[in-house]
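Convention: sequence-line order gives letters A, B, ...; per-chain numbering from 1.
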Number of protein chains: 2
Amino acid sequence: MSKAKTKSQFKDFLLTQGLKSTRQRELILDEFLHAGSHLSTEDLYLRLRRGNSRIGYATVHRTLKLFAECGIAEQRHFGDGQTRYEASDCDEHHDHLICVVCGKIVEFEDPRIEELQVEVAGAHGFSIERHRLELYGCCPGCSI
Amino acid sequence: MSKAKTKSQFKDFLLTQGLKSTRQRELILDEFLHAGSHLSTEDLYLRLRRGNSRIGYATVHRTLKLFAECGIAEQRHFGDGQTRYEASDCDEHHDHLICVVCGKIVEFEDPRIEELQVEVAGAHGFSIERHRLELYGCCPGCSI
DNA sequence: GTTTAAATTGAAATTCATTTTCAACTAGGT
DNA sequence: ACCTAGTTGAAAATGAATTTCAATTTAAAC
C-alpha cells in the first residue's frame with residue numbers, strides 16, 4: 001500500500017472516530033512510514049527526537065496504538081519484552097525468521113503452512129482469526 | 001515423561017551446576033508438576049501460598065527460571081504481558097490454539113507444518129533452533 | 001474572526017511484571 | 001560442629017506500558 005493511501009486511511013479513521021488530526025500525529029505517521037519495520041515505541045521516539053520534533057514519549061505510544069487500532073500497523077512481540085510495530089500490508093500476511101545470535105529479522109510467507117494451519121484448527125473446531133509464527137535460529141551470517 | 005523422572009532430572013541439574021537442593025525447590029517443583037500447564041509465576045506463587053508453604057515470590061520466579069534452564073519447563077508468551085511456564089515433554093513439541101473469546105488453550109502438533117518450517121528456514125539460509133506457532137481464533141464452544 | 005467544547009499534548013506519576021539487592025539462613029562437604 | 005558457598009525472602013529497583021492532569025490545540029459553532 002502506498003504511503004499516501006495509508007495517510008488518508010489514518011485521516012479517515014480519525015474523522016470517523018471523532019478524533020483530531022494534529023501536527024504530532026502527522027509527524028509520527030511520516031516517521032513511522034519512513035523508518036524501517038519492527039520499531040519499538042522507544043525506537044520511534046528517539047528517531048523523532050533526532051529530527052527536531054519535540055514530541056513526548058506518551059504521544060508516540062498513544063499514536064502507535066491508534067495505528068494498530070485503525071489497521072495501518074500491527075503489534076509484534078519477539079520475546080525481548082518490547083512491543084514492536086510494523087506497517088501492515090493489508091492483504092499480505094507474513095511471518096518471521098529471527099536470528100538468535102544477531103537479532104536479524106527476516107520476513108517470509110508460505111501459503112502451504114497457512115493452509116495446514118486452517119486445516120489443523122478446523123480439526124479442533126476452531127475458526128482462525130489470526131496467527132503468529134516465528135522461527136528462531138541462526139542466520140547465514142552468524143552460522144559461519 | 002514421569003514426574004519422578006523429571007524430579008531426578010532437576011536434581012542432576014542442580015548437582016552438575018553446583019547448586020543446592022532445598023525444601024523450597026522441591027515444593028515448587030511438586031506444585032508445578034501437580035498444577036495444570038501454562039502457569040504464570042503469580043499463579044504458582046498463589047497456589048503455593050494457598051497450600052501452607054511460606055515461599056517468597058522471588059524464589060518462585062527464580063526456580064521457574066531454573067526449570068526453563070534445565071529443560072523441564074518452557075516459557076510461553078501469549079500476549080497478555082505475563083510469562084507462562086509449561087512442563088516440557090522433552091521429545092514432543094506442540095503448538096497452541098487460543099480462543100480469543102474465552103481464553104481456552106488447546107495444544108496440537110502437526111509434523112507436516114514442522115517440516116515446512118525447516119524447509120522455509122533453509123531457503124533463507126537459517127538453521128532453526130526453536131519456533132513458536134500460535135493460532136488465535138474462536139473455539140467450538142464460543143462460536144455457537 | 002471569535003468563542004467554545006472537546007480532544008490532545010507532554011512531563012510526571014503510576015502501574016505491573018520482572019529482576020536485583022542484601023542480610024539472615026541453610027545445605028552439604030570437611 | 002565448622003566453614004563456605006549457595007539460598008531465601010522482603011523490600012527495593014528496573015523497565016516498559018499506561019494514566020493523570022493542567023496547559024494547549026483543534027475544529028466546529030456562532
What is the separation between atom CD on Glu42(A) and atom P on dT14(D), rounded to the nearest whole Å? 16 Å
Could you pull out all residues at least two apart from His131(A) that satisfy ring pair (Phe, Tyr, Trp, His ring centres under 6.0 Å)? His93(A)
What nucleic acid atoms does Thr22(B) come within less than 4.0 Å of, heavy atoms only: base, sugar-phosphate, or nothing? sugar-phosphate
Rounded to the nearest Å, what distance is computed from the CG atom of residue Leu27(B) to the P atom of nucleotide dT7(D)?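 These atoms are roughly 16 Å apart.
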Donor-acceptor pair under 3.5 Å, Lys20(A) side chain vs dA7(C) base: no
Value in whole Å for how far the C1' atom of dT26(C) lies from CZ of Arg23(B): 10 Å
Name the residue closer to the 5' end of DNA chain C, choosing between His77(B) and Thr59(A) according to the nucleotide with the nearest heavy atom. Thr59(A)
Under 3.5 Å, is there a donor on one side chain and an acceptor on the other for Glu86(B) and His94(B)? yes
Which listed nucleotide (dT9(C), dT7(D), dA10(D)) is nearest to the side chain of Arg62(B)?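 Of all the options, the side chain of Arg62(B) is nearest to dA10(D).
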Nucleotide dT8(C), atom C1' - distance to CD1 of Ile55(A) in whole Å: 12 Å
Return the nearest nucleotide to the side chain of Leu19(A); candidates are dT19(C), dT7(D), dT8(C).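 Nearest listed nucleotide: dT8(C).
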From C-beta outward on Arg25(B), which listed nucleotide comes closest to its side chain: dA17(D), dT7(D), dT8(C)?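 Looking only at side-chain atoms, Arg25(B) lies closest to dT7(D).
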Looking for any heavy atom pair under 4.0 Å, which part of the strands does Ser21(B) touch: base, sugar-phosphate only, or nothing? sugar-phosphate
Write down the distance between CG (Leu46(A)) and P (dA16(D)), rounded to a whole number of angstrom.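 So the CG-P distance, Leu46(A) to dA16(D), works out to 11 Å.
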Indicate yes or no for a side-chain donor-acceptor contact from Asp30(B) to the backbone of Leu27(B) under 3.5 Å, with no hydrogens or angles considered.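 Flag not set: sc Asp30(B) to bb Leu27(B) has no pair under 3.5 Å.
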Send over the distance from Leu44(A) CG to dA16(D) P, rounded to a whole Å. 15 Å
From the options dG10(C), dT18(C), dT8(C), select the nucleotide whose nearest atom is closest to the side chain of Ala58(A).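 Closest nucleotide to the Ala58(A) side chain: dG10(C).
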Choosing from dT20(C), dA17(D), dA27(C), which nucleotide comes nearest the side chain of Thr83(A)?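 Of the candidates, dA17(D) comes closest.
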Is His61(B) near enough to dT19(C) that one of its side-chain N or O atoms lies under 4.0 angstrom from OP1 or OP2? yes
Main-chain N/O of Lys11(B) paired with Arg25(B) side-chain donor or acceptor, under 3.5 Å: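 Answer holds: no.
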Measure the distance from CG on Leu64(B) to P on dT8(D) and round it to the nearest whole Å.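 My rounded result for the distance is 12 Å.
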side-chain N/O Gln24(A) vs dG10(C) OP1/OP2, d < 4.0 Å: yes
The residue, Tyr57(B) or Leu14(A), whose nearest nucleotide of DNA chain C is more 5′ is Leu14(A)
Nearest whole Å is fine: how far is dA16(D) P from Arg84(A) CZ?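 Roughly 10 Å, once rounded to whole Å.
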For Arg49(A), answer base if it contacts any base atom (sugar-phosphate contacts may also be present), sugar-phosphate if it contacts only those atoms, and nothing otherwise; contact means non-hydrogen atoms under 4.0 Å.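 Result for Arg49(A) = sugar-phosphate.
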Using ring centroids (six-membered ring only for Trp), state whether Tyr85(B) and Phe67(B) fall under 6.0 Å. no
Arg49(B) side chain vs Ile55(B) backbone, donor-acceptor pair below 3.5 Å: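 Flag set: sc Arg49(B) to bb Ile55(B) pair under 3.5 Å.
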